[in-house]
Number of protein chains: 2
Amino acid sequence: MTETEHSGFARYPLANVALGLLAAGPKHGYGLYRDFEEYFGSIWKAGQTKFYVALSSLLDEGYLDAELEPQENRPARKVYRLTDKGREEFLKWLHEPVYSMRAMRVEFIAKLRFFDLLGEPGAKELIDQEIALFGEMLDEWEAEKPEDPFYNLVNDYRIRQARAIVDWLEAVKQNL
Amino acid sequence: MTETEHSGFARYPLANVALGLLAAGPKHGYGLYRDFEEYFGSIWKAGQTKFYVALSSLLDEGYLDAELEPQENRPARKVYRLTDKGREEFLKWLHEPVYSMRAMRVEFIAKLRFFDLLGEPGAKELIDQEIALFGEMLDEWEAEKPEDPFYNLVNDYRIRQARAIVDWLEAVKQNL
DNA sequence: GGATTCATGTAAGAGGTTACATGATTAT
DNA sequence: ATAATCATGTAACCTCTTACATGAATCC
């Protein structure tokens, strides 16, 4: 999924979500978009067209295959199905921690949603990994004592954000 | 500065920084880029080319004007100067609060940097506005009691982030 | 009769990024 | 010698977004 470094979301926002929705079973584009709005609409807006574009590029790249399902009185549905490659990619993404605070807000929360939606095991493990990761970052940042007061400001900001994230992760774990 | 809604940074990342650096006095592109690296390098990376592109589009849009300053043994320097329009735009941006948590991390911190760098008054007022804004958001979010446990997770996440921001803002105010 | 739902895309555009182009001077 | 600094851009590229295209069925 052309990962520049970590996180495919930055570049292909909807790709992994589309894969995940298809992990529950084959479905056509319109239905997937409905699912997307239902399950992710509260944290994520995307136009219908965007969704179709994402699906068709996933098809081109071999993450999906598709079959036309004719209907009476309506345009044929194009039913997508995960290929092995697609399922593998999705599971890899799902179980992989995110490495930035920015990615927490949407990407990590989306992962949690999928664990719940699909009944996939491993949520607790992922949370623990995430806590460990942010814990390490915190240790590093807290060890820095910058002389530059401006940099100190910046450092203090991210320390507080990271602490809030770790606290939240602990709470999520309790609530699992 | 073509603001879609709030925040020019999302669209034209470097434009306001370039304007701000010129608020201290006219300077040529290369010198501005050095300043940028010195004052913002710790929170913000951008290639040199990008900076030149930003400057030349600011020139086209009338926020700057420029004058060639010939040199011996070196290419002529193109010295940029803020126009009235440019200075106005910069000050408007500087004193305007940011409306999202995402914009805090870089854009708001950049504003603080400029208050300090330029000795411009109003930093405390801006911080107070920001505290008020995030306080309102907090009140709203805390009043929500979502039935959907997933949405509750999301809500809890942003509440914690917003609290961390307000705490940080209070600390910054003390340290002013 | 009008709005919403169902159902699919294409193709152009907007915006941002970066590889490339150029070349003298000075510091190591 | 060679690396870094000084000094400036253009033009192609890449990615993403969205305006547009199409049209029947059903709900109010």
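A note on names: the letters A, B, ... follow the listed sequences, proteins ahead of strands, and every chain is numbered from 1.
Considering only side-chain N and O atoms, Lys78(A) lies nowhere under 4.0 angstrom from the phosphate OP1 or OP2 of dT8(C). Close to dA24(C), at under 4.0 Å from its OP1 or OP2, lies no side-chain N or O of Asn73(B).
Between the NZ atom of Lys45(A) and the C1' atom of dT18(D) there is a distance of 18 Å, rounded to whole Å. Between Gln48(A) atom CD and dT10(C) atom P there is a gap of 14 Å when expressed in whole angstrom units. Residue Glu37(B) contributes atom CD, which lies 13 Å from atom C1' of dA4(D) at whole-angstrom precision. Rounding to whole angstrom units, CG of residue Leu58(B) and P of dG9(D) are separated by 14 Å. Atoms CG (Leu55(A)) and C1' (dT10(C)) sit 15 Å apart, rounded to a whole Å. Computed from coordinates, the Tyr52(B) OH to dG9(D) C1' distance equals 8 Å when rounded to whole Å. Rounded to an integer number of Å, the gap from Leu59(B) CG to dT8(D) C1' is 14 Å. We find that NZ of Lys50(A) is positioned 14 Å from C1' of dA19(D), with the value rounded to whole Å.
Heavy-atom distances to DNA chain C give each of Pro75(A) and Thr49(A) a nearest nucleotide, and the one nearer the 5′ end belongs to Pro75(A). Across the interface with DNA chain D, nearest-nucleotide mapping of Val53(B) and Val53(A) shows Val53(B) to be the residue nearer the 5′ end.
Among the atoms of the strands shown, only primed sugar atoms or phosphate atoms (P, OP1, OP2) are found under 4.0 Å from some heavy atom of Gln71(B).
Closest contact between the side chain of Arg77(A) and the listed nucleotides dT8(C), dA11(D), dG9(D) involves dT8(C). Among the nucleotides dA24(C), dC6(C), dT17(D), the one closest to any side-chain atom of Arg74(A) is dC6(C).
The only option from Gln129(B), Glu120(B), Lys111(B) that meets the side chain to side chain donor-acceptor pair (under 3.5 Å) definition with His95(B) turns out to be Glu120(B).
Other residues, nucleotides and ligands contribute over 12 non-hydrogen atoms within 6.0 Å of the CG atom of Asp139(A).
Here the side chains of Leu64(A) and Arg81(A) are not in contact, with every heavy-atom distance at 4.5 Å or above.
Taking 4.0 Å as the cut-off between side-chain N and carboxylate O, Asp167(A) and Arg163(A) do not count as a salt-bridged pair. The pair Arg158(B)-Glu140(B) does not meet the salt-bridge criterion, since no charged nitrogen lies less than 4.0 angstrom from a carboxylate oxygen.
In this structure, Trp44(B) and Phe36(B) have perpendicular ring planes: the angle between them is above 60°, well past the 30° mark.
Only at 4.0 angstrom or more do the heavy atoms of residues 20-36 of chain B sit from any atom of DNA chain C, so none qualifies.
With hydrogens and angles ignored, no donor-acceptor pair closer than 3.5 Å exists between the side chain of Ser56(A) and the base of dG9(C).
Ring centroids of Phe40(A) and Phe114(A) are separated by less than 6.0 Å, placing the two rings close together.
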